[in-house]
Amino acid sequence: MPKMIVSIDGVVIKEVTLAKDRTTLGRRPYNDIVIDNLAISGEHAVLHMIGGDVYLEDLNSTNGTYINGRAVKKQALEHNDVIEVGKYKIRFLVGSAASEGAGPVATVVPAPSGPIPLSSAPTVHQPFSGGASSVAVMRVLSGTGAGRELTLQKVVTTIGKPGVAVAAVTRRLHGYVVAPIDGGTVLNGEPLGNEAVALQDGDVLELGGTRMQFVAG
């Protein structure tokens, strides 16, 4: 099945398999592909799958939809096309490339997931199904969610509060890295730049005034 690889500043934040005839993209939570950013319209665009072809249609969005740098209203997608909405880039993959994906990211069919509020982070440790050892967690140190632990079970986990500060924690072969998505993120007292930074056991992150500690598995 065709896949959409969503990234920002070179950091992959989600992967979506196109399994429906009509897949919507926008800021509102009822969309199939949710991108919670003010540059994205509530109902930004829609993907039509007709037979083996996929067509992208812009839904009169405020900031427009671009394919390979050109503004479009409706256009058939080809393998490796790059769709741009706001600062986000979405790579379209078909065939064997879609099966392999663009890297180790989680598949969502569809993907109405957004950043996980720290106040509702689960407290149960869950082992990653791909291995015997337990995965790392983020332990909330302050705010209403203090004492809770968010298991970094997925390959890409977004944390924080939309509109205030959001960061992506990505599990890689030899550990975890963190990169800011929206707003300011502080790591061990220092503002985090645009590049992904490796996390070490005991590192402290601060997003929108909420502090949390990375605990390696």
Side-chain angles (χ1 to χ4, degrees), residues 2-18 23-29 31-47 56 58-59 61-72 77 80-93 97-98 101-108 110-118 138 150 152 154-172 176-187 190-199 205-208 210 212:
K3 288 187 178 181
M4 312 295 288
I5 310 298
V6 185
S7 65
I8 183 169
D9 296 328
V11 178
V12 175
I13 59 173
K14 68 174 69 175
E15 173 184 322
V16 180
T17 299
L18 299 181
T23 302
T24 59
L25 181 153
R27 191 175 72 253
R28 301 299 182 194
N31 286 285
D32 297 310
I33 303 175
V34 179
I35 301 181
D36 194 353
N37 185 278
L38 293 178
I40 312 301
S41 296
E43 297 176 359
H44 197 101
V46 62
L47 293 148
L56 173 71
D58 180 81
L59 298 176
S61 62
T62 301
N63 294 315
T65 302
Y66 296 79
I67 297 179
N68 302 328
R70 292 174 52 242
V72 300
L77 292 175
N80 230 20
D81 276 350
V82 176
I83 303 162
E84 295 180 57
V85 288
K87 293 184 179 180
Y88 292 79
K89 293 186 177 182
I90 308 171
R91 186 174 296 277
F92 176 71
L93 299 177
V105 292
T107 301
V108 184
S113 59
I116 300 172
L118 298 175
M138 297 300 297
L150 171 62
L152 302 176
K154 296 188 296 184
V155 176
V156 180
T157 302
T158 49
I159 56 175
K161 184 177 180 181
V164 179
V166 178
V169 179
T170 303
R171 180 176 56 81
R172 293 184 176 173
Y176 292 78
V177 298
V178 61
I181 295 177
D182 190 16
T185 301
V186 176
L187 175 62
E190 297 291 332
L192 204 60
N194 294 326
E195 300 296 325
V197 176
L199 285 170
L205 284 167
E206 184 173 341
L207 293 92
T210 301
M212 67 203 78

If I compare all heavy atoms of [X] with all of [Y], which pair ends up nearest, and what's the gap?
X      : Y      : result
Ala45  : Leu56  : CB-CD1, 4.0 Å
Lys14  : Val34  : NZ-O, 2.8 Å
Asp58  : His44  : OD1-O, 3.6 Å
Asn31  : Gly42  : ND2-O, 2.9 Å
Thr170 : Val12  : OG1-O, 4.4 Å
Ala196 : Ala179 : CA-CB, 3.9 Å

To the nearest 0.5 Å, how far apart are [atom1] in [X] and [atom2] in [Y]?
X      : Y      : atom1 : atom2 : answer
Asp36  : Leu38  : CG    : CG    : 7.5 Å
Lys89  : Met4   : NZ    : CE    : 14.5 Å
Leu152 : Arg171 : CG    : CZ    : 10.0 Å
Asp81  : Ile67  : CG    : CD1   : 6.0 Å
Leu18  : Asp32  : CG    : CG    : 9.5 Å

In sequence, state the C-alpha distance, the side-chain angles, and the governing distance for Leu187 and Leu199, and then conclude on side-chain contact (heavy atoms from CB on, under 4.5 Å).
-> CA-CA 9 Å; Leu187 175 62; Leu199 285 170; 4.0 Å; yes
Checking side-chain contact (heavy atoms from CB on, under 4.5 Å) against Leu207, which of Leu192, Thr185, Val186 comes through?
-> Thr185
With respect to Tyr88, which candidate in Leu25, Asp9, Ile8, Ile83 satisfies the side-chain contact (heavy atoms from CB on, under 4.5 Å) definition?
-> Ile8
Please lay out, stage by stage, how Ile90 and Ile35 fare under the test side-chain contact (heavy atoms from CB on, under 4.5 Å).
-> CA-CA 11 Å; Ile90 308 171; Ile35 301 181; 4.2 Å; yes
Exam field: side chain Thr62 to backbone Ser41, donor-acceptor pair closer than 3.5 Å | no
List the steps, then state whether side chain to side chain donor-acceptor pair (under 3.5 Å) holds for Arg27 with Asn37.
-> CA-CA 6 Å; Arg27 191 175 72 253; Asn37 185 278; over 6 Å; no
Check against side-chain contact (heavy atoms from CB on, under 4.5 Å), Leu93 and Ile5 = CA-CA 8 Å; Leu93 299 177; Ile5 310 298; 3.8 Å; yes
Test Met212 against Leu150 for side-chain contact (heavy atoms from CB on, under 4.5 Å), laying out the working first.
-> CA-CA 10 Å; Met212 67 203 78; Leu150 171 62; over 6 Å; no
Can you find a pair of side-chain heavy atoms, one from Leu47 and one from Phe92, that are under 4.5 Å apart?
-> no
